[in-house]
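In this text, all values refer to a predicted model and were calculated from it rather than measured experimentally. Worth knowing before you read on, the calculation uses all heavy atoms, side chains too, and leaves out hydrogens, waters and symmetry mates.
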Amino acid sequence: MASLKKQALVLTLANAYTRALGFVLRLVSARLMGAEAVGVMEMSSSGVMLAITPVTAGIPTAMSRLTARRGADEGAVLQAGLSLVKRLSLWLIPLMLLASPGMAWVLGDFRTLPAMWVCLPCIPLLGLCAVYSGWFYGRDDAATPAFNECIEQTVRCALALALLLTLSSRSIALTAALPGVAEVAAGAAVWLLFRKKTPRLRRQSPDAGIRHEIVRLTAPTTGARLCQTALRSLNAVLLPVCLRRSGLSQAAATAQFGLLNGMAMPLLMLPGIVTGAICMVATPAVSRQEGRHAALKRTMRQLLLSAWGVGSITAAGLFFGADILSRHIFREPALAPLLRLLAPAALLMAIQQVQFGLITGLGIQNKALTGTVLASFLSLGVTAVLCPMPQLRLYGAALATLAGSLLRVLWNALLLRHARQAGSQIVLCDAVSL
């Protein structure tokens with residue numbers, strides 16, 4: 001457990017640094033770009049994420065699980081992961097290139113095209129970096145991915161600001177694409193750092209069996225992430241429409257949407273600085289303890305209690321500090337009551353993130369996918385019903401968020417309880433047979 005705490009601390013410090021730098025970048029770039037260019041950039045990112053998700057979602061945890069497994073051939077696991085990402089990229093890049101004009105038409109703004117096109121190299125680069133990250137986690141080396149993540153954010157921030165300061169006045173389309181250029185450069189830099197740090201491996205053909213195992217482990221997570229991305233895009237269309245139906249003008253509805261997604265939601269995700277680190281170290285820790293019921297149960301309890309502690313502190317801070325945050329940080333008094341209502345979601349999101357790490361370590365992600373999809377549809381349904389009501393409006397969306405998060409946590413808790421009981425029965429049967 002001491003090793004887990006050390007790894008979690010390293011990742012927490014790295015997450016704190018990257019998130020703080022990301023916040024500064026978001027704040028400064030918004031002022032340099034202007035609202036219109038930021039809007040074009042955000043619209044284009046919804047299309048790009050659909051192409052990046054298959055090579056990143058679930059890859060780090062799958063690589064970590066397979067590498068940490070007792071008797072695993074670490075070199076074969078790495079080569080299989082790299083081979084898989086390269087194969088997927090050969091399909092995804094041309095598909096994205098062909099689909100981008102249609103995506104721009106659906107988004108209603110062809111100025112999103114340059115931002116989509118410059119991000120095409122991110123598909124293989126981020127996928128390869130995800131493979132390396134998971135591989136190092138599985139080898140109990142959390143420092144290398146954490147350090148490289150800090151380098152990536154530093155390069156991206158510095159280059160994005162430099163480009164915006166020199167070229168942002170040219171056009172809206174060009175300005176929206178500049179952060180993507182910085183992202184590609186940062187991804188390339190980190191990929192080179194990972195390759196340099198990786199020990200020399202003997203040359204061998206990628207193992208098709210291991211590659212298939214990676215696909216099997218990542219498929220549920222990828223499916224869930226794709227569903228979440230698509231449903232999040234649908235929610236971005238649905239919520240403003242519902243707010244207008246409640247009697248708000250288009251400008252007021254857009255402002256309310258920004259209040260929820262641009263101010264409240266980032267605060268709810270603050271526990272992720274710590275729980276994201278716990279999630280990453282939980283997967284290999286659980287994988288190593290398969291078949292050792294008592295140790296597995298103890299580790300799962302300790303990790304979940306950590307999530308409860310971090311989430312509870314954040315939720316209490318948001319509830320009691322809502323006035324300070326709304327008036328002095330965001331200068332938006334309407335944010336305070338919304339934060340008080342959403343504060344429990346910070347606890348739910350913290351627990352959910354650690355639950356995901358445990359579920360991945362146990363290899364039961366396919367069972368968690370159903371809960372993720374049901375929770376997303378529940379959230380959309382509650383939004384459609386409550387938000388048009390004049391007395392609720394944005395609070396209806398907050399209740400929808402709470403409902404979806406609670407269902408995910410309850411579903412995952414049932415899965416983990418069933419997995420513990422199954423493990424206990426296996427141990428008991430082994431003891432009786434002896």
Side-chain angles (χ1 to χ4, degrees), residues 30 35 38-39 42-43 46 107-108 227-272 311-352 371-413:
V38 170
E42 292 294 332
M43 285 191 293
S46 63
L107 293 169
C227 288
Q228 287 178 317
T229 301
L231 290 169
R232 192 179 298 117
S233 300
L234 180 58
N235 187 64
V237 176
L238 176 65
L239 181 54
V241 171
C242 291
L243 291 173
R244 289 197 295 270
R245 285 181 57 196
S246 73
L248 293 178
S249 65
Q250 183 174 2
T254 303
Q256 291 277 289
F257 180 74
L259 193 70
L260 176 65
N261 281 31
M263 298 182 185
M265 293 306 294
L267 291 173
L268 297 179
M269 295 176 183
L270 282 175
S312 299
I313 292 172
T314 306
L318 293 176
F319 184 86
F320 293 106
D323 285 326
I324 296 175
L325 291 169
S326 61
R327 295 182 184 277
H328 301 289
I329 304 298
F330 291 97
R331 296 181 181 178
E332 186 62 59
L335 180 63
L338 184 65
L339 274 181
R340 291 195 186 96
L341 179 59
L342 280 170
L347 171 60
L348 294 173
M349 291 179 181
I351 296 172
Q352 179 192 333
T372 298
V373 174
L374 289 176
S376 297
F377 277 108
L378 173 64
S379 183
L380 279 174
V382 175
T383 297
V385 172
L386 298 183
C387 286
M389 298 180 182
Q391 65 272 29
L392 289 177
R393 289 177 175 159
L394 197 60
Y395 301 116
L399 292 172
T401 300
L402 287 168
S405 297
L406 180 60
L407 179 58
R408 286 192 188 97
V409 168
L410 292 175
W411 184 279
N412 291 340

Practice prompt. Output all residues satisfying salt bridge (Lys or Arg N to Asp or Glu O under 4.0 Å) with Arg245, sequence neighbours left out; order by chain, then residue number.
Written response: none
Would you compute the distance between atom [atom1] of [X] and atom [atom2] of [Y] and round it to the nearest 0.5 angstrom?
{"X": "Leu347", "Y": "Thr314", "atom1": "CG", "atom2": "OG1", "value": "9.0 Å"}
{"X": "Leu339", "Y": "Ile324", "atom1": "CG", "atom2": "CD1", "value": "12.0 Å"}
{"X": "Leu318", "Y": "Leu325", "atom1": "CG", "atom2": "CG", "value": "6.5 Å"}
{"X": "Leu267", "Y": "Leu342", "atom1": "CG", "atom2": "CG", "value": "10.0 Å"}
{"X": "Leu243", "Y": "Ser249", "atom1": "CG", "atom2": "OG", "value": "10.5 Å"}

Discussion item. Can you list everything that forms a side chain to side chain donor-acceptor pair (under 3.5 Å) with Ser405? Sequence neighbours excluded, please.
Written reply: none
Under 3.5 Å donor-acceptor pairs involving side-chain atoms of residues 388-400, not counting sequence neighbours:
{"residue": "Arg393", "atom": "NE", "partner": "Ser246", "partner atom": "OG", "Å": "3.0"}
{"residue": "Arg393", "atom": "NH2", "partner": "Ser246", "partner atom": "O", "Å": "3.1"}

Using the side chain to side chain contact (heavy atoms under 4.5 Å, CB included) criterion, which residues pair with [X]? Sequence neighbours excluded.
{"X": "Ala316", "result": "Phe320"}
{"X": "Ile313", "result": "none"}
{"X": "Ala336", "result": "Ala322, Asp323, Ser326, Arg340"}

Discussion item. According to side-chain hydrogen bond (donor to acceptor under 3.5 Å, both in side chains), does anything in residues 341-350 pair up with another residue at least two apart or in another chain? List the pairs.
Written reply: none
Fill in: Closest contact, heavy atoms only, Gly404 versus Ala375
O-CB, 3.4 Å
Practice prompt. Looking only at non-hydrogen atoms, find the nearest pair between Ala315 and Ala343 and report the distance.
Written response: CB-O, 3.3 Å
Discussion item. By the definition side-chain contact (heavy atoms from CB on, under 4.5 Å), identify the one residue from Asn412, Thr372, Leu406 that meets it with Gln352.
Written reply: Asn412
Worksheet item: Of Val409, Leu268, Leu407, which is the lone residue that meets side-chain contact (heavy atoms from CB on, under 4.5 Å) with Leu348?
Response: Val409
